[in-house]
Amino acid sequence: MKTRLKVFFPLGLLVILVLLLPITVMIIASFQSIDGGFSLDNYHQVLSNHYYMEAIRNSLGISLITSGISLIIVIIGAWALTKLAPKTKNILLSLFNMSSSFAGVPLAFSLIILFGNAGIWQALMTTLHLPRTFEIYSLSGTTLAYTFFEVPLGIMFLFPVFEELNPEWKEISSVLGAKPLFFFKKVIFPVILPNIVEVFTLLFANAMGTYETTFALTGNSIVTIPTLIGTLIDGGLTANIPMACTFATLFALVMTTIVWLGNRVTRSKREVKA
Amino acid sequence: MSHKASNRVARAIITFLFVYLATPIAVTMLYSVSTSWVKTILPKGLTLKWYGQLVTNSDFMSALVRSFALGFLTTVIAMACFLPVVFYANVYNPKVKSHLRFITVLPFTIPGIILVTGLIQLYADLPIPKLLILVLAISLLSLPLTYQALDNAFIGRDFRAMFEQALVLGDSPFKAFIKVIIPNIRAGVLVAMLLTFTSAFGEYVLTNILLGGNFETLKIYMYRLMQSNGQASSVLTTIYFIFLAFISLILILIMQHYSAPHKSTKEGAKK
């Protein structure tokens, strides 16, 4: 018992100090009114304030579209990756890992060079006498920006699943006379569907929590839940920390539920298989 | 679709993906060596003068030192928290692992921006150095990476027998761990340390909001430059990218060097 205590002490202390305590305090603060008493005012404001509702709408819209598009690219990309030689696979996986850590300020800056007002894309459009069709500082620009880290992240999650699929299944089913489409619909799809759902929930949650890229790319002109929280914390005159706590509490609650459900889908499937 | 044709399609897809993901990086690199590149398709000329300007700037050096310090401290704390736990879970009590699973989804359920809200609410008015809180919080957020890399290090060998033999021979548990276990998992530990270091080195959200820009790390400096000086910012972004590429190269080398014997034991066990 004593050694067990020693083993868990550092991690336990860390989790209590910078996870459990702050999150508990944050939840309590979200139920406090300005004078300190218990109230649901903050939650009521989330629903009645237009600016807050816009943040929620933007976050949901960007995240759903970007994780949907990314998921399609991820499925195709992860399938293609399984076809390559083992050495190439490892190198590419490391590169994907690297490009997902390129997210944030560097990514935003690169995209501004490419698509910004003085950027290469605009120069190209001007030379070709085409109208300006794409604005990087917009909702669709932000959606595009997210795909640059969502795609590599998704491939890293989904690739191991595809890699474990048994190639003998295909032989067996074709010996039994199954057409490729039938094989895909009745064998492969049911096996990978739960994993695809799980990857989608993680990509969605990841997009919902993105602050750095959005903030660096658009300043505060596109408001999402994370950038709204950022403004509520250090926005000078408009700072409202209890309100930030309310949004953060809602966020943590909803995301924990979604990720938990996503995890459950795969786990119940695994139990059935066993 | 024949085997050969599907392989060709696969290669085309991967090439396309690679170009798609690499274009922003390549453009930034080209921007960093161009004399001027505004509203034209190609840069006007090439130069290295922006590199000279940035590297001799004292702000750059101090930001670099701060980021390195942050990365180093975080790595030490993350290792101290996780090495004993992952060892214990793998060798003595695999059930613990299912309880540790919550850590792997932490960055998705409680991302940096949410965690920092709680930290501000709790620690803003307490007389505890914010820098200490920052290092601890970054360690917490890097735990999923650390955990998975360390957990992989324990696959495929009987560490319990090794550890208990050392205890029987009279070593204390701590000494036995350092002398017998660590040398056998050093590749995994090294990978975990590099991944933890990189994530702390490039941290932005917690540092910026918790310390309000008073502690200018590389990423915060990058953001400031981005607003004022595009050339300098592209140089910094390129340097940051080369740093990431260098770490990835080391990771690839470690994995290639150490994965071969591991794989053969795994396959041997299957047979």
Side-chain angles (χ1 to χ4, degrees), chain A residues 3 7-8 10-11 14 17-19 21-23 25-26 29 76-77 80-81 83-84 90-92 94-95 97-99 101-102 104-107 109-111 113-114 118 120 122-124 127 148 151-152 202 205-206 209 211-212 216 226 229-230 233-234 241 244-245 248 251-252 255-256 259, chain B residues 6-7 9-11 13-14 17 21 23-25 27-28 31 38-41 77 80-82 84-85 88 105 108-115 117-122 133 136-137 139-140 173 198-199 202 204-205 209 212 219 222-223 226 233-234 237 240-241 244-245 248 251-252 255-256:
Chain A
T3 48
V7 162
F8 285 98
L11 180 65
L14 186 74
L17 277 182
V18 288
L19 182 66
L21 279 179
I23 297 297
V25 170
M26 176 184 96
I76 298 170
L81 200 54
K83 298 275 166 189
L84 302 181
N90 283 334
I91 292 173
L92 278 169
S94 304
L95 288 178
N97 184 22
M98 184 172 75
S99 71
S101 53
F102 196 65
V105 178
L107 175 68
F109 179 66
S110 307
L111 291 177
I113 296 178
L114 260 177
I120 300 156
Q122 300 304 359
L124 196 67
T127 335
F148 282 92
V151 168
L202 290 180
N206 189 49
Y211 170 82
E212 194 184 334
I229 292 175
I233 292 176
D234 63 3
I241 297 199
C245 288
F251 186 100
M255 284 308 136
T256 308
V259 171
Chain B
S6 81
N7 273 0
V9 172
R11 235 171 287 147
I13 292 169
I14 293 293
L17 259 183
L21 294 173
T23 302
I25 299 168
V27 165
T28 310
Y31 195 87
V38 177
K39 296 191 175 173
T40 51
I41 298 172
I77 293 174
C81 288
F82 250 136
V85 172
Y88 178 81
V105 293
F108 301 101
T109 54
I110 317 263
I113 185 71
I114 304 302
L115 187 64
T117 312
L119 291 171
I120 290 268
Q121 176 69 26
L122 177 60
I133 302 297
L136 292 177
S139 309
L140 181 89
T198 319
S199 79
Y204 177 80
V205 184
I209 296 183
K219 272 277 187 77
M222 199 186 283
Y223 181 71
M226 193 178 135
S233 184
S234 67
T237 309
Y240 179 69
F241 174 75
L244 286 181
S248 301
L251 287 175
I252 293 173
M255 282 174 206
Q256 279 178 353

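Everything numeric in this text was worked out from a predicted model, so none of it was measured. All values below were derived from every heavy atom in this structure, side-chain atoms included, with hydrogens, water molecules and symmetry-related copies excluded. Below, read A as the first sequence line, B as the second, and so on, with proteins coming before strands; counting in each chain starts at 1.
If you measure heavy-atom distances from B:Y240 to chain A, the contacts under 4.5 Å come from the side chain alone. Interface remark: B:S199 contributes no atoms to any contact with chain A (heavy atom separation under 4.5 Å). The contact between B:V85 and chain A is made by backbone and side chain atoms together, counting heavy-atom distances below 4.5 Å. Both the backbone and the side chain of B:L140 come within contact range of chain A, judged by heavy atoms closer than 4.5 Å. Residue A:S99 touches chain B through its side chain alone, counting heavy-atom pairs closer than 4.5 Å. For A:N97, the part lying under 4.5 angstrom from a heavy atom of chain B is the side chain only. Both the backbone and the side chain of A:F109 come within less than 4.5 Å of a heavy atom of chain B.
Per-residue counts of heavy-atom pairs under 4.5 Å with chain A were compared for B:T117, B:I110, B:T23, B:T237; the largest is that of B:T117. Contacts with chain A were tallied for B:S234, B:G112, B:P111, B:G118; B:G118 has the most, counting heavy-atom pairs under 4.5 Å. Note on A:I23, A:L95, A:V151, A:L17: by heavy-atom pairs under 4.5 Å with chain B, the leading option is A:L17.
By the 4.5 Å heavy-atom criterion applied to side chains, B:K219 and A:E212 are counted as neighbours. Between A:I241 and B:I120, the closest side-chain pair of non-hydrogen atoms falls below 4.5 Å. Counting heavy atoms from C-beta on, the side chains of A:P22 and B:Q121 never come closer than 4.5 Å.
The only option from B:I114, B:L122, B:L115 that meets the side chain to side chain contact (heavy atoms under 4.5 Å, CB included) definition with A:M26 turns out to be B:I114.
Residues passing the side-chain contact (heavy atoms from CB on, under 4.5 Å) test with A:A216 are A:V105, A:A108, B:Y223, B:M226, sequence neighbours excluded. Listed by chain and residue number, A:F102, B:P24, B:T28 satisfy the side-chain contact (heavy atoms from CB on, under 4.5 Å) test with A:S110 (two or more places apart in sequence, or in another chain).
Of the inter-residue distances, the one linking A:M98 atom CE with B:L251 atom CG reads 10.5 Å to the nearest 0.5 angstrom. Distance check: A:I76 CD1 to B:L17 CG gives 9.0 Å after rounding to the nearest 0.5 Å. Here the CZ-CG distance, from B:F108 to A:L202, works out to 5.0 Å after rounding to the nearest 0.5 Å. Between atom CG of residue A:L107 and atom CZ of residue B:F241 there is a gap of 12.5 Å, rounded to the nearest 0.5 Å. To the nearest 0.5 Å, the span separating OG on B:S233 from CD1 on A:I113 amounts to 7.5 Å.
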For A:Y211 and B:I209, what are the C-alpha separation, side-chain angles and deciding distance, and is it a side-chain contact (heavy atoms from CB on, under 4.5 Å)?
CA-CA 11 Å; A:Y211 170 82; B:I209 296 183; 4.0 Å; yes

Does the side-chain contact (heavy atoms from CB on, under 4.5 Å) test come out yes or no for B:I14 and A:L84, once each step is laid out?
CA-CA 9 Å; B:I14 293 293; A:L84 302 181; 3.9 Å; yes

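The two residues A:S94 and B:I252 have their closest heavy-atom pair at OG-CG1, 3.2 Å. The two residues A:P152 and B:L21 have their closest heavy-atom pair at CD-CD2, 4.0 Å.
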